[in-house]
Amino acid sequence: MEIKYKNRRIMGAGGQDEEENNWPPWLNPLLKERFFGQCKLHVDSHKSECNMYCLDCINGPLCSLCLSHHKDHIAIQIRRSSYHDVIRVNEIQKYLDISSVQTYIINSAKVVFLNERPQPRPGKGVTNTCQVCERSLLDSFKFCSLGCKVIGTSKNFVKKLRQLSTKRRLTMATSDSDDSCSSSSHRGYKSAINKIQSFIPSTPPPTSANYRTTKRRKGIPHRSPMGGLLIEY
């Protein structure tokens with residue numbers, strides 16, 4: 001069987017930005033691959049799981065049997081953790097700068113994730129998150145995965161991040177100004193109400209005459225026993 005090597009130059013995530021950041025040509029294709037499928041060339045083998053990748057050929061996931069055709073090439077092994085692809089630090093750091101990417105200990109080995117993992121919202125008390133996907137991180141890291149670092153260090157992303165930061169500061173300043181105006185308006189409203197109330201005469205205190213008038217009760221009328229009857233002798 002003849003293996004056709006693909007030594008093509010492939011642009012990575014962010015297009016031109018990847019070359020500006022000097023990312024290797026195999027990085028973006030690696031991040032886009034789906035591993036742990038069955039090798040089409042070695043279907044009948046129990047070692048047909050595709051969890052290897054050749055950095056020289058950049059021709060997709062390989063199984064362990066395919067490596068016999070890549071003896072003099074640099075091949076790395078992809079592993080899994082909670083259904084997400086990871087790679088050991090001692091393998092990838094030889095060929096890629098993984099600084100600022102959070103590492104994890106899995107099966108007694110230090111690993112990094114290839115791509116971001118969805119997280120609905122940061123937990124309570126979180127003080128540091130990934131600059132791209134906002135996943136919770138330790139304070140000494142900026143990115144949760146290799147993919148997020150590629151995106152987060154591109155010039156387009158940095159530019160958008162600065163614009164967003166400026167917009168947030170302007171929004172906060174506008175909000176503070178509105179709150180100040182609202183507070184001033186409220187104080188002015190209360191002052192106006194107090195002035196209006198000061199012009200309204202209060203109810204005068206009851207005088208003794210008024211008290212007798214308001215407190216006097218009419219007696220029960222009595223009919224004269226001989227009322228209207230005239231007796232002549």
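- Under the 3.5 Å distance criterion, the side-chain polar atoms of Ser145 are matched with a main-chain donor or acceptor of Glu116.
- Across every non-hydrogen atom of Ile106 and Ser81, the tightest pair is CD1-OG, 3.0 Å.
- Within the 4.5 Å cutoff, the side chain of Val112 has heavy atoms near those of the Val89 side chain.
- Note that CG of Leu114 and CG of Leu27 are 9.0 Å apart. Values are rounded to the nearest 0.5 Å.
- With a 4.5 Å cut-off on side-chain heavy atoms, Gln77 and Asn51 count as touching.
- Taking the side chain as every heavy atom from C-beta outward, Gln119 and Ser136 approach each other to under 4.5 Å.
- Across Val86 and Arg80, no two heavy atoms sit closer than the pair CG2-N, 4.1 Å.
- Within 6.0 Å of CG in Asn90 there are more than 12 heavy atoms belonging to other residues, nucleotides or ligands.
- Counting only heavy atoms from C-beta outward, the side chains of His70 and Asn59 approach each other to under 4.5 Å.
- At a threshold of 4.5 Å between non-hydrogen side-chain atoms, the residues Phe113 and Ile87 do not count as touching.
- Formation of a donor-acceptor pair under 3.5 Å by the Asp97 side chain with backbone atoms of Ser99 is found in this model.
- Heavy-atom neighbours of Asp72 CG from other residues, nucleotides or ligands within 6.0 Å: at or below the threshold of 12.
- The shortest non-hydrogen separation linking Leu31 to Gly147 is CD1-CA, 3.7 Å.
- Under the 4.5 Å side-chain criterion, counting only non-hydrogen atoms from C-beta, Pro118 is in contact with His84.
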### Task
Please lay out, stage by stage, how Leu96 and Trp26 fare under the test side chain to side chain contact (heavy atoms under 4.5 Å, CB included).
CA-CA 11 Å; Leu96 186 69; Trp26 49 262; 4.2 Å; yes

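- Here the side chains of Val111 and Arg79 are not in contact, with every heavy-atom distance at 4.5 Å or above.
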### Message
Assess the residue pair Asp139 and Thr127 against the criterion (side chain to side chain contact (heavy atoms under 4.5 Å, CB included)); give the C-alpha distance rounded to whole Å, side-chain angles, the decisive distance to 0.1 Å, and a yes or no.
### Response
CA-CA 7 Å; Asp139 291 339; Thr127 58; 3.0 Å; yes

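- Shown here for Glu33 and Asp85, the closest heavy-atom pair between the two residues is O-OD2, 4.4 Å.
- Summarising the geometry, atom CD1 belonging to Ile92 is positioned 15.0 Å from atom NZ belonging to Lys110; distances are rounded to the nearest 0.5 Å.
- Side-chain contact between Cys54 and Leu62 is present, with at least one heavy-atom pair separated by less than 4.5 Å.
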### Task
Start with the C-alpha gap between Val150 and Phe143, add the side-chain angles, then the distance that decides, and say whether side chain to side chain contact (heavy atoms under 4.5 Å, CB included) holds.
CA-CA 9 Å; Val150 172; Phe143 308 103; over 6 Å; no

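- To the nearest 0.5 angstrom, Ser48 atom OG is 8.0 Å from Leu65 atom CG.
- Note: His42 NE2 to Cys66 SG = 5.0 Å, rounded to the nearest 0.5 Å.
- To the nearest 0.5 Å, atoms CH2 (Trp23) and OG1 (Thr153) are separated by 4.5 Å.
- Follow the hydrophobic side-chain contacts under 4.5 Å out from Leu146 and you never reach Met52; the two are in separate clusters.
- The hydrophobic cluster containing Tyr104 does not contain Ile98, counting ILVMFWY residues as joined when their side-chain heavy atoms lie under 4.5 angstrom apart, directly or transitively.
- Leu67 and Tyr53 fall into different hydrophobic clusters, where Ile, Leu, Val, Met, Phe, Trp and Tyr residues are linked whenever their side-chain heavy atoms come under 4.5 Å apart, directly or through other members.
- The two residues Cys130 and Cys144 come nearest to each other via the heavy atoms SG-N, 3.6 Å.
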### Query
Can you check side chain to side chain contact (heavy atoms under 4.5 Å, CB included) on Phe35 and Leu30, steps first, answer last?
CA-CA 10 Å; Phe35 293 90; Leu30 169 67; 3.6 Å; yes

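- Between Arg88 atom CZ and Ile76 atom CD1 the span is 13.0 Å, to the nearest 0.5 Å.
- Put simply, the side chain of Asn128 gets close to the backbone of Phe141: a donor and an acceptor are under 3.5 Å apart.
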